[in-house]
Amino acid sequence: AQKITQTQPGMFVQEKEAVTLDCTYDTSDQSYGLFWYKQPSSGEMIFLIYQGSYDEQNATEGRYSLNFQKARKSANLVISASQLGDSAMYFCAMFRPRSARQLTFGSGTQLTVLP
Amino acid sequence: SQTIHQWPATLVQPVGSPLSLECTVEGTSNPNLYWYRQAAGRGLQLLFYSVGIGQISSEVPQNLSASRPQDRQFILSSKKLLLSDSGFYLCAWRGGAGSSYEQYFGPGTRLTVT
């Protein structure tokens with residue numbers, strides 16, 4: 001069974017600094033995908049970044065990058081140059097290739113950016 | 001571009017009353033559709049998913065049901081609500097076979113059962 005673990009319930013970062021949000025996963029599949037979503041206080045889930053298990057390079061999307069370490073089964077999200085608008089809940093998720101590709105979510109990390 | 005709608009945005013219902021939440025997607029055909037529930041301060045729990053009209057898969061046994069009467073319409077229902085049904089309900093879609101893997105979420109419905 002797939003499992004996603006986010007061990008940081010809350011994180012604080014100073015504006016303009018970088019922050020890393022941790023995510024570890026457990027799966028017996030060879031082919032899988034890892035996602036990060038942002039959930040601001042409004043509640044909507046916003047897709048940020050995707051990493052496939054066979055991708056050789058770490059995914060990047062603007063200020064977001066995914067530090068993928070397959071042997072360690074970790075997929076940490078790095079946000080560079082934090083902004084006040086980055087304050088939100090962040091969820092790591094993994095897709096299940098055999099079941100209509102629905103996602104298994106971690107418990108989330110609440111990030112607060114300090115001015 | 002694709003858009004996903006959910007309504008109502010908020011709902012307060014008494015225990016034992018019926019429920020109907022609606023989700024519609026625009027700008028795509030034959031999407032996979034999903035219903036999730038999020039309890040306060042928690043992650044998302046998948047409730048139902050659908051790969052086509054009339055095709056519903058349930059992940060968690062409960063007093064909720066889902067239907068997909070049209071290609072881009074997904075409905076979550078209950079005949080009698082329980083207090084434990086309170087939460088934030090999110091609908092999501094992704095493309096069918098051959099599409100990218102990420103799911104896109106609607107704005108959600110906050111349900112409070114009193």
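Chain letters run A, B, ... following the sequence lines, proteins first, then strands; residues in each count from 1. Side chains are part of it too, since the values below use all heavy atoms of this structure and drop only hydrogens, waters and symmetry mates.
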Under 3.5 Å, is there a donor-acceptor pair between the side chain of B:Ser78 and the main chain of B:Pro18?
no

With distance as the sole test, does A:Glu17 use its side chain to make a donor-acceptor pair with the main-chain N or O of A:Val113 at under 3.5 Å?
no

Is it true that B:Tyr89 and B:Val25 fall in one hydrophobic cluster, defined by side-chain heavy atoms closer than 4.5 Å?
yes

Do A:Tyr25 and A:Tyr32 have their ring centres less than 6.0 Å from each other?
yes

Compute the centroid of each ring, for B:Trp35 and then for B:Phe48, and state whether the two points are separated by less than 6.0 Å.
no

Side-chain donor-acceptor contact under 3.5 Å, B:Gln103 with B:Tyr36:
yes

If I measure from the heavy atoms of chain A, does B:Gln45 come under 4.5 Å with its side chain, its backbone, both, or neither?
neither

Segment of B:Leu44 engaging chain A (4.5 angstrom heavy-atom cut-off):
both

For chain B, which residues of residues 34-70 of chain A have at least one non-hydrogen atom nearer than 4.5 Å to it?
A:Phe35, A:Tyr37, A:Gln39, A:Ser41, A:Ser42, A:Gly43, A:Glu44, A:Met45, A:Phe47, A:Tyr50

Spacing of B:Arg72 atom CZ and B:Asn30 atom CG [to the nearest 0.5 Å]
10.5 Å

